[in-house]
Amino acid sequence: MISFEEFEEITFEIADTFPEDFFRELNGGVMVRKRRRLHPAAEDHDLFIMGEYHLDRYLGRFIVLYYGSFKTCFEWVSEEELRIQIRKVLLHEFRHHLESLAGEKDLEVEDAVEISQYKYRKQVQKDLTAEASGDRIEK
(Lines give C-alpha, C1' and ligand atoms only; values in the text may rest on other atoms or scores of the structure.)
Protein backbone atom coordinates (compact mmCIF):
# COMPACT_ATOMS: atom_id res chain seq x y z
CA MET A 1 0.00 0.00 0.00
CA ILE A 2 1.19 3.48 -0.78
CA SER A 3 2.11 5.92 1.97
CA PHE A 4 -0.32 8.41 3.48
CA GLU A 5 1.44 11.26 1.69
CA GLU A 6 1.16 9.49 -1.67
CA PHE A 7 -2.50 8.70 -1.00
CA GLU A 8 -3.19 12.34 -0.17
CA GLU A 9 -1.38 13.51 -3.31
CA ILE A 10 -3.35 11.10 -5.52
CA THR A 11 -6.63 12.16 -3.88
CA PHE A 12 -5.98 15.84 -4.60
CA GLU A 13 -4.75 15.04 -8.10
CA ILE A 14 -8.00 13.19 -8.87
CA ALA A 15 -10.15 15.89 -7.25
CA ASP A 16 -8.44 18.47 -9.44
CA THR A 17 -9.80 16.69 -12.54
CA PHE A 18 -13.42 17.32 -11.50
CA PRO A 19 -15.39 20.27 -12.89
CA GLU A 20 -15.16 23.53 -10.99
CA ASP A 21 -18.93 23.43 -10.39
CA PHE A 22 -18.45 20.40 -8.11
CA PHE A 23 -16.61 22.64 -5.65
CA ARG A 24 -19.31 25.33 -5.39
CA GLU A 25 -19.89 26.06 -1.70
CA LEU A 26 -17.52 23.24 -0.68
CA ASN A 27 -15.69 25.73 1.54
CA GLY A 28 -13.72 23.08 3.44
CA GLY A 29 -12.64 21.32 0.25
CA VAL A 30 -11.36 17.76 0.20
CA MET A 31 -9.18 16.42 2.98
CA VAL A 32 -7.59 13.11 3.92
CA ARG A 33 -7.31 11.67 7.40
CA LYS A 34 -5.01 8.88 8.46
CA ARG A 35 -7.53 6.99 10.55
CA ARG A 36 -9.54 3.92 9.69
CA ARG A 37 -13.28 4.47 10.20
CA LEU A 38 -15.51 1.51 11.01
CA HIS A 39 -19.14 1.99 10.03
CA PRO A 40 -21.51 2.07 13.04
CA ALA A 41 -23.59 -0.69 11.41
CA ALA A 42 -20.60 -3.03 11.06
CA GLU A 43 -21.36 -6.36 12.69
CA ASP A 44 -18.07 -8.18 12.22
CA HIS A 45 -15.58 -5.34 11.82
CA ASP A 46 -16.05 -5.72 8.08
CA LEU A 47 -17.74 -2.49 6.99
CA PHE A 48 -15.56 0.57 6.69
CA ILE A 49 -16.28 4.16 5.78
CA MET A 50 -14.01 5.16 2.90
CA GLY A 51 -15.17 8.76 2.75
CA GLU A 52 -17.75 11.15 4.14
CA TYR A 53 -19.45 14.34 3.10
CA HIS A 54 -19.91 16.78 5.96
CA LEU A 55 -22.31 19.67 6.29
CA ASP A 56 -21.48 21.37 9.58
CA ARG A 57 -23.04 24.60 10.80
CA TYR A 58 -19.65 25.84 12.01
CA LEU A 59 -17.15 24.22 9.66
CA GLY A 60 -19.26 24.32 6.50
CA ARG A 61 -19.19 21.74 3.73
CA PHE A 62 -16.26 19.39 3.20
CA ILE A 63 -15.30 15.89 2.08
CA VAL A 64 -13.03 13.54 4.00
CA LEU A 65 -11.35 10.37 2.73
CA TYR A 66 -9.97 7.88 5.27
CA TYR A 67 -6.56 6.52 4.35
CA GLY A 68 -6.74 3.83 7.04
CA SER A 69 -10.00 2.45 5.63
CA PHE A 70 -8.52 2.29 2.14
CA LYS A 71 -5.40 0.65 3.55
CA THR A 72 -7.49 -2.00 5.29
CA CYS A 73 -9.73 -2.75 2.31
CA PHE A 74 -7.35 -2.26 -0.62
CA GLU A 75 -3.96 -3.14 0.82
CA TRP A 76 -3.00 -5.53 -1.96
CA VAL A 77 -4.36 -3.75 -5.04
CA SER A 78 -2.22 -2.02 -7.62
CA GLU A 79 -1.81 1.74 -7.54
CA GLU A 80 -3.99 1.98 -10.66
CA GLU A 81 -6.82 0.04 -8.98
CA LEU A 82 -6.42 2.19 -5.87
CA ARG A 83 -6.77 5.31 -8.04
CA ILE A 84 -10.00 3.88 -9.45
CA GLN A 85 -11.35 3.27 -5.93
CA ILE A 86 -10.36 6.76 -4.73
CA ARG A 87 -12.11 8.27 -7.75
CA LYS A 88 -15.27 6.24 -7.06
CA VAL A 89 -15.37 7.39 -3.45
CA LEU A 90 -14.72 11.01 -4.38
CA LEU A 91 -17.51 10.92 -6.96
CA HIS A 92 -19.83 9.38 -4.37
CA GLU A 93 -19.07 12.11 -1.85
CA PHE A 94 -19.35 14.87 -4.45
CA ARG A 95 -22.76 13.48 -5.36
CA HIS A 96 -23.77 13.88 -1.71
CA HIS A 97 -22.52 17.48 -1.87
CA LEU A 98 -24.31 18.34 -5.10
CA GLU A 99 -27.54 16.71 -3.93
CA SER A 100 -27.28 18.66 -0.68
CA LEU A 101 -27.01 21.90 -2.65
CA ALA A 102 -30.08 20.90 -4.66
CA GLY A 103 -32.07 19.85 -1.59
CA GLU A 104 -32.13 16.21 -2.72
CA LYS A 105 -31.42 13.05 -0.71
CA ASP A 106 -31.49 10.27 -3.31
CA LEU A 107 -27.98 9.06 -2.50
CA GLU A 108 -28.71 9.08 1.23
CA VAL A 109 -31.64 6.75 0.50
CA GLU A 110 -29.44 4.51 -1.68
CA ASP A 111 -26.83 4.35 1.10
CA ALA A 112 -29.52 3.42 3.65
CA VAL A 113 -30.77 0.64 1.36
CA GLU A 114 -27.23 -0.73 1.03
CA ILE A 115 -26.83 -0.78 4.82
CA SER A 116 -30.19 -2.56 5.16
CA GLN A 117 -29.06 -5.15 2.60
CA TYR A 118 -25.77 -5.60 4.48
CA LYS A 119 -27.66 -6.21 7.75
CA TYR A 120 -30.02 -8.64 6.03
CA ARG A 121 -27.08 -10.62 4.57
CA LYS A 122 -25.45 -10.74 8.00
CA GLN A 123 -28.66 -12.03 9.58
CA VAL A 124 -29.04 -14.71 6.89
CA GLN A 125 -25.43 -15.79 7.50
CA LYS A 126 -26.09 -16.03 11.26
CA ASP A 127 -29.28 -18.01 10.66
CA LEU A 128 -27.54 -20.43 8.31
CA THR A 129 -24.66 -20.88 10.74
CA ALA A 130 -27.06 -21.54 13.60
CA GLU A 131 -29.05 -24.00 11.49
CA ALA A 132 -25.90 -25.83 10.38
CA SER A 133 -24.73 -26.16 13.98
CA GLY A 134 -28.09 -27.53 15.07
CA ASP A 135 -29.15 -24.47 17.04
CA ARG A 136 -32.81 -23.63 16.86
CA ILE A 137 -33.71 -20.47 14.98
CA GLU A 138 -36.40 -18.42 16.68
CA LYS A 139 -38.75 -16.57 14.36
Side-chain angles (χ1 to χ4, degrees):
M1 177 70 177
I2 62 175
S3 71
F4 172 79
E5 291 76 16
E6 291 170 311
F7 181 88
E8 188 174 46
E9 185 177 314
I10 289 169
T11 299
F12 297 148
E13 178 184 303
I14 293 169
D16 284 344
T17 68
F18 295 161
E20 191 175 312
D21 287 346
F22 279 28
F23 294 87
R24 185 170 52 94
E25 296 185 40
L26 191 71
N27 63 312
V30 175
M31 61 183 76
V32 178
R33 294 204 174 124
K34 288 183 178 180
R35 69 181 285 212
R36 178 177 67 176
R37 185 144 161 74
L38 190 64
H39 195 285
E43 295 189 16
D44 297 316
H45 292 84
D46 61 351
L47 186 62
F48 293 93
I49 296 173
M50 300 291 134
E52 290 180 303
Y53 170 68
H54 291 271
L55 174 54
D56 184 272
R57 74 186 271 184
Y58 300 109
L59 300 175
R61 299 168 185 267
F62 59 97
I63 291 171
V64 178
L65 265 58
Y66 295 101
Y67 170 73
S69 295
F70 277 88
K71 188 173 180 180
T72 298
C73 296
F74 301 112
E75 186 172 4
W76 304 109
V77 302
S78 68
E79 184 177 322
E80 186 57 37
E81 179 60 29
L82 183 63
R83 285 177 177 272
I84 290 167
Q85 295 303 324
I86 292 170
R87 182 175 175 76
K88 283 181 183 179
V89 171
L90 279 172
L91 286 171
H92 181 96
E93 301 312 329
F94 271 105
R95 182 175 166 198
H96 276 299
H97 171 60
L98 296 171
E99 286 188 2
S100 172
L101 291 176
E104 299 292 331
K105 295 186 182 235
D106 294 348
L107 187 53
E108 286 182 33
V109 171
E110 288 177 30
D111 288 347
V113 167
E114 285 189 23
I115 295 300
S116 293
Q117 291 171 341
Y118 163 84
K119 288 181 173 185
Y120 176 77
R121 286 190 307 272
K122 287 296 186 178
Q123 187 58 53
V124 167
Q125 287 174 350
K126 287 178 186 175
D127 291 348
L128 290 173
T129 301
E131 189 175 307
S133 67
D135 293 343
R136 185 180 175 139
I137 299 173
E138 297 295 324
K139 298 276 179 184

Tell me every residue that passes ring-ring contact (aromatic ring centres under 6.0 Å, His included) with [X], counting only those two or more places apart in sequence or in another chain.
| X | result |
| --- | --- |
| Phe94 | Phe18, Phe22, Phe23 |
| Tyr66 | none |
| Tyr53 | His97 |

List the atom of [X], the atom of [Y], and the distance in Å for their closest heavy-atom pair.
| X | Y | value |
| --- | --- | --- |
| Leu55 | Ser100 | CD2-OG, 3.7 Å |
| Ser133 | Ala130 | OG-O, 3.0 Å |
| Ile10 | Ile2 | CD1-CD1, 3.6 Å |
| Ala15 | Leu90 | N-CD1, 4.0 Å |
| Lys119 | Ala41 | CE-CB, 3.8 Å |

Taking the side chain as C-beta and beyond, is there a heavy-atom pair between [X] and [Y] under 4.5 Å?
| X | Y | value |
| --- | --- | --- |
| Leu59 | His54 | no |
| Ile115 | Leu47 | yes |
| His96 | Ile63 | no |
| Thr11 | Tyr67 | no |

Quick one: [atom1] on [X] to [atom2] on [Y], what's the gap to the nearest 0.5 Å?
| X | Y | atom1 | atom2 | value |
| --- | --- | --- | --- | --- |
| Phe7 | Leu82 | CZ | CG | 6.0 Å |
| Arg24 | Leu98 | CZ | CG | 7.5 Å |
| His92 | Met50 | NE2 | CE | 11.5 Å |

So, using side chain to side chain donor-acceptor pair (under 3.5 Å) as the criterion, who are the partners of [X] when residues are at least two apart?
| X | value |
| --- | --- |
| Arg37 | Glu52 |
| Glu104 | none |
| Asp46 | Tyr118, Lys122 |
| Arg83 | Glu13, Glu79 |

Pairs touching residues 25-48 that satisfy ring pair (Phe, Tyr, Trp, His ring centres under 6.0 Å), sequence neighbours left out: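 Sorted pair list comes back empty.
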Given 3.5 Å as the limit, does a donor-acceptor pair link the side chain of Glu25 with the main chain of Arg61, or not?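 Checked: no pair found.
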Do the side chain of Glu6 and the main chain of Ser3 share a donor and acceptor less than 3.5 angstrom apart?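 Confirmed, Glu6 side chain pairs with Ser3 backbone.
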Under a 4.5 Å side-chain heavy-atom rule over Ile, Leu, Val, Met, Phe, Trp and Tyr, are Ile49 and Leu91 clustered together? no
Applying the 4.5 Å side-chain criterion to the ILVMFWY set and letting contacts propagate, would Leu26 and Leu107 be lumped into a single cluster?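 In one cluster: no.
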Residues in side-chain contact (heavy atoms from CB on, under 4.5 Å) with [X], at least two apart?
| X | answer |
| --- | --- |
| Lys88 | Ile84, Gln85 |
| Met31 | Arg33, Phe62, Val64 |
| Glu9 | none |

Partners meeting salt bridge (Lys or Arg N to Asp or Glu O under 4.0 Å) with Glu110 (sequence neighbours left out):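 For Glu110 the salt bridge (Lys or Arg N to Asp or Glu O under 4.0 Å) partners, ignoring immediate neighbours, are Arg95.
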